[in-house]
Amino acid sequence: MAAFASAGADTSPQVIRIGVSAGPQAEIMEEVKGVAAGKGLDLQVVHFDDENKIDAALDAGTLDANSFQDLPYLDQQKQAHGYHLVDVAYTVTLPLAFYSKKLTSLRGLKPGDTVALPKTLADCARALILLQNYGLITFPDTAGLHATPRDLSTNPRKLKFITLAPAQLPGALDKVAFAAIPWAVAEQAGLQPARDAIGMEDARSPYANVIAVRAQDKNRPWVAQLVAAYHSEPIKHYILAHYQDSVRRPW
Amino acid sequence: MAKKGLILAALAVAGGALGAVALRVGAFNAPVTIGPPPAALGSPEQCSRYSGLPPQWGSDRHAGMVHLAGGRFVFGTTLGYQDERPAESGKVAVAAFWIDQTEVTNRQFAAFVAATAYVTTAERDGGAVVFHKPDYAELKTRPYAWWSYVQGADWNHPTGPGSDRKGLDNQPVTLVTQADALAYAHWLGRDLPTEAEWEYAAKAGRQDAKLDEAPRDAAGKPTANYWQGSFPVLNTGADGHEGLAPVGCYAANDWKLYDMIGNAWEWTADPYSGPHQGHANGDTASVAAASRTGRPGQPMVIKGGSFLCSQDFCVRYRASAREAQEDNLPASHIGFRTVLRG
């Protein structure tokens, strides 16, 4: 439980509690904690096994900030639950990527090849956006971040699409030309996008992850201190050296 | 680490291959020997005055080259990306060879084309991948907005139809494929360096730098042509150049070779094998996938980084750094230099 200053105008908590999911989000934040401590900001990194509870905990005030989600997910959570949360900084992008056991390059695609996509709606849209970015398909702008295979307006290579539960995608690599696999699923399968993929998202993806705080706190001094600690040279170096571009920095 | 083409042992000496003026230079035991008189390069003033043709071009087969005695070195590094890990437990050996002091210039390539009527891949295929600095609005429209497949771009029309290489004689030729580079090299009776030869020459007897350690002098000034600032929208030009620079604007390495790091990536003779590492700078294949339907190229090793490598993207300033490039995909940040073995 954080202690709060009891006097004066500054009601900033003395310890900032920040909720994180397992993996890179937690690993990087532990590094940020060290940098922040050197600048006089005391961070308590709160690890969650269940990502679904992190925004609720922040909105309820048991956390001061969180770092686990991308912007479209935050928007969806705010809409669904009425949370008064805002994003204050980009953290890292965990790239969705194309993996193949049959192709060494997307230029090796043949007409009529089969491509496996994640069945979950958000991941499927994300995969379709990446396909469009590589010029392999197009869909109308109106589909936005919610595109489905039914929205395709052009598919010049006549690619066939199958959708699978994300966890089944690595197992489908023996059968399809390539599969679009979310970062966490790929990581479970021992795949690293920068090393193993034939196409991957740019760091500046719409799905870059963010630090979120309660709207009422966004101008508090500790928020700026937290962002400065995250966007510091030691953290830049850690992300590059530790993840070697398989976790990417959009700032 | 790819080892194909690696020549083991054979500590040859240049012997009769040396030009009339042979001079040992550098520190004791430095294996470099200068053949024909070298071009005066190594500073902004000198490179800006350079014609693009080395002294005795056309009359001495080693014009523009230095001779490196063979030797042993650590091929790769543990300090860089995963694909740079040394494949051998100890040092590997490289035989003696001559190597261009600079990247091959537009003027040298023009001489080759004039003599042979050679038509490059980009001229045959009708286009190439070209870099431009996007604005923020453009950056939001598509990923890798800094790369475009430009119809009509080739070595002689660097940004597409209507452009020319006027004033660029002393810059490295780019927008050439590996086959184009080999054609030039063979015209001179030379070859492209293997990855090991290239890296041996670039390291010049030194250990490699760390992953994100950009080349700077003691005062912090960049000592090669790479990107300072926020890629791809802000280039402070602290190194004196925002795009390609003329060859030889920066001091040579200890073995008298210019621009081994930065300016243009350089083709090698070797296929890209071993652990792979994607290029966070936006693989040029990302725009080629949509624009070209021909055979996918064979991934080959390019070395040295380019004017686009920055702290934000690419991050390849080391002699050990490597990147895969499809052999038949020309791009505006890739050139080459040649070797002559023996």
Side-chain angles (χ1 to χ4, degrees), chain A residues 93 95-100 102-111 129-138 141 154 156-157 178 191-208 231 233-251, chain B residues 79-85 134 136 139-149 210-213 230-233 271-299 310-316 324-329:
Chain A
T93 301
L96 178 141
F98 299 146
Y99 299 88
S100 177
K102 301 182 177 178
L103 303 175
T104 56
S105 159
L106 287 172
R107 287 173 60 199
L109 270 175
K110 294 186 185 64
I129 290 169
L130 189 57
L131 283 165
Q132 178 168 259
N133 288 342
Y134 274 97
L136 298 172
I137 59 167
T138 60
D141 287 347
T154 66
R157 287 176 175 76
F178 71 86
L191 297 170
Q192 297 175 17
R195 185 189 66 190
D196 302 318
I198 57 171
M200 67 189 281
E201 285 177 330
D202 185 20
R204 295 181 182 86
S205 154
Y207 299 94
H231 288 187
E233 287 298 320
I235 300 305
K236 196 184 273 191
H237 172 78
Y238 176 81
I239 293 169
L240 178 68
H242 199 69
Y243 303 108
Q244 304 230 334
D245 296 330
S246 285
V247 171
R248 305 181 65 180
R249 176 173 58 82
W251 37 275
Chain B
L79 303 177
Y81 283 116
Q82 290 179 35
D83 67 343
E84 300 166 32
R85 300 287 184 270
Y136 281 104
L139 207 54
K140 287 181 177 174
T141 61
R142 64 185 175 101
Y144 308 134
W146 47 95
W147 290 125
S148 303
Y149 188 82
K210 291 178 186 168
L211 175 60
D212 50 358
E213 192 172 292
S230 179
F231 185 89
V233 292
Y272 183 80
S273 60
H276 285 189
Q277 178 70 40
H279 193 322
N281 210 16
D283 187 347
T284 48
S286 63
V287 291
S291 307
R292 287 157 58 100
T293 54
R295 80 166 170 92
Q298 170 75 26
S310 75
Q311 193 184 17
D312 299 322
F313 291 94
C314 175
V315 203
R316 285 166 170 86
Q325 176 72 8
E326 294 185 28
D327 63 344
N328 61 358
L329 185 56

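Only this structure's heavy atoms are used, side chains among them; waters, hydrogens and symmetry mates stay out. Every chain is numbered from 1, with letters handed out A, B, ... down the list of sequences.
Under the ring pair (Phe, Tyr, Trp, His ring centres under 6.0 Å) criterion, A:Phe178 pairs with A:Phe98, sequence neighbours left out. The ring pair (Phe, Tyr, Trp, His ring centres under 6.0 Å) test applied to A:His242 returns A:Tyr238, not counting sequence neighbours.
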Practice task
For the pair A:Arg248 and B:Phe313, evaluate side chain to side chain contact (heavy atoms under 4.5 Å, CB included) and give the outcome as yes or no after the intermediate values.
Solution key: CA-CA 10 Å; A:Arg248 305 181 65 180; B:Phe313 291 94; 3.9 Å; yes
Problem - B:Gln277 vs A:Gln192, side chain to side chain donor-acceptor pair (under 3.5 Å): CA-CA, chis, key distance, verdict - result: CA-CA 9 Å; B:Gln277 178 70 40; A:Gln192 297 175 17; over 6 Å; no
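Put simply, NE2 on A:His237 and CD on B:Gln311 are 11.0 Å apart, with the number rounded to the nearest 0.5 Å. For the atom pair CD of A:Glu201 and OH of B:Tyr144, the computed distance is 9.0 Å after rounding to the nearest 0.5 Å. Put simply, CG on B:Asp83 and CZ on A:Arg195 are 11.5 Å apart, with the number rounded to the nearest 0.5 Å.
Neither the backbone nor the side chain of B:Leu79 comes within contact range of chain A; no heavy atoms are under 4.5 Å apart. With a threshold of 4.5 angstrom between heavy atoms, A:Arg204 approaches chain B through side-chain atoms but not through N, CA, C or O.
Considering every non-hydrogen atom in both A:Trp251 and B:Asp312, the closest pair reads O-OD1, 4.5 Å.
Side-chain contact check for B:Tyr81 versus A:Leu240: some heavy-atom pair is nearer than 4.5 Å.
Under the 3.5 Å distance criterion, the side-chain polar atoms of B:Glu326 are left unmatched by any main-chain donor or acceptor of A:Ser105. Checked by atom type and distance alone, the side chain of B:Gln82 never pairs as donor or acceptor with a backbone atom of A:Gln244 at under 3.5 Å.
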